[in-house]
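Report on the following structure.
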Amino acid sequence: MRVFKFGGASVKDAEGIKNVYDVLQKVGYEDVLLVVSAMGKTTNALETVIKNYFDKSAELNSSVQEVKKYHNQILMDLFEEEKHEVFTAVNNQFSDLEYFLAHNKSPNYNFVYDQIVSYGELISTTILSHFMSFMGIKTQWLDVRNFIKTDATYRDAEVDWELTQKNIAKNVKRKILNITQGFLGSDENNFTTTLGREGSDYTAAIFAYCLNAESVTIWKDVPGVMNADPRYFENASLLNQISYREAIELAFYGATVIHPKTLQPLQKKEIPLFVKSFINPLLPGTRVAKGADLEPYLPCFIVKRNQLLISLSSIDFSFIMEEHISEIFALFHQFKIKVNLIQNSAISFSVCVEDKFENFKDLNAILSKKFKVDFDENVTLYTIRHFNDKAAQTVEKNKVVLLKQVSRETMQIITKES
Ligand code: ASP
Ligand code: MG
């Protein structure tokens, strides 16, 4: 069996869905499981619905209508004939969502989030599977919540592998096209859970692992895994093959093509992962598989913007590493600030962090009582795997370098645009 994952961008409109059909025609669809995300930016739109719900905003209804309108347009473009049963099926899902909004009693934000956001994937797969049947492909729609069982950590659920394995082995049919939702699971009480934003790649890997699949393919709007983001670097080139290890390293440093959790289950069973273009599906793309010989020979560039470089020095000359490090890290953790790089000297300590939730001001108030705190906002962290002089020069050109750290395979440079 092969597992294919189509993300939101690949099914953002009727054209995209027709293109999925074309891809399947070209690469085959028998014995395939499709894992599909919510269409386009639907997950973000549903996050707005959730926010409006909790804010008791007057916009709640209109934000739901917007999601409805968007999907309705896609349905009209795909089916023309409004009598097709898919219209009722999708309508019923919106009714379920509205019923939940009207009757829910739980004040638990994360729980409510998962119950609402899941409609994105439920609706996208409903539309897709009806369309594939309509085009003559024998299709089975699977509710992923009957397969992937998780704990009750809403928005970041942990997979129960034993139960999941059992469900998948028993109930996924071979020889036809199976279509299911990415990102979702369910807990012991059958409430919907999610695996974390962008989690659909991980869903594909979970199914592949449990099915002993022959491969996983992630279909993207880029030709495969590139050695740099073409938006920021001229001459970005495709990596033909890379090892699982390299892929994990790239994902860890912030390359966004593959969700970091995806690789572990695949690597355990040595299931190859392909990243391919849904525009040119017959091109080879990138193959991620076992073996050191697959290391890329090209330097790989990863850029993280909007970082904060903080330097802390002890006021009383006490040693930072021995006496304060665990306390400092506990604070970063408490304020949900993600540390991306560390450098220390005897009495000072620098960290490059990401302050997604804008908590640094509060943290700084606490830190400043004990340490001398200096910081630069809005810096950029460049990571170069397999660096060489030329690669470093490319990054440093026309920029002020604030900090540089080099290990055997990896160079990290923090810059401020000048
Ligand atoms: N739809 C979810 C998200 O946008 C999951 C995914 O796309 O992988 O985060
Ligand atoms: Mg998405």
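In listed order, ligands and their atoms are each counted from 1. Computed from a prediction, not measured in an experiment: that's the story for all the values here.
Annotation for ligand 1: atoms under 4.0 Å from non-hydrogen atoms of Ser37 are 6 (C), 7 (O), 8 (O). Taking a cut-off of under 4.0 Å to the non-hydrogen atoms of Phe183, the atoms of ligand 1 that pass are 2 (C), 5 (C). Atoms of ligand 1 found under 4.0 Å from any heavy atom of Arg197, numbered from 1 in the order shown, are 3 (C), 4 (O), 9 (O). Near Glu121, with a cut-off below 4.0 Å to any heavy atom, the atoms of ligand 1 are 1 (N), 2 (C), 5 (C).
Considering backbone and side-chain atoms alike, Lys5 places every N or O at 3.5 Å or more from each N or O of ligand 1.
A salt bridge links Lys290 with Glu270: the distance from a Lys NZ or Arg NE/NH1/NH2 to an Asp or Glu carboxylate oxygen falls below 4.0 Å.
Between Tyr99 and His103, the two ring planes are parallel [angle under 30°; tilted spans 30° to 60°]. Using cut-offs of 30° and 60° on the angle between ring planes, the pair Phe207 and Phe147 is tilted. Ring planes of Phe54 and Tyr109: tilted class, angle from 30 to 60°. Relative orientation of the Tyr21 and Phe131 rings is perpendicular, given thresholds of 30° and 60° on the angle between their planes.
Residue contact check for ligand 1: Gly7 places no non-hydrogen atom closer than 4.0 Å to it.
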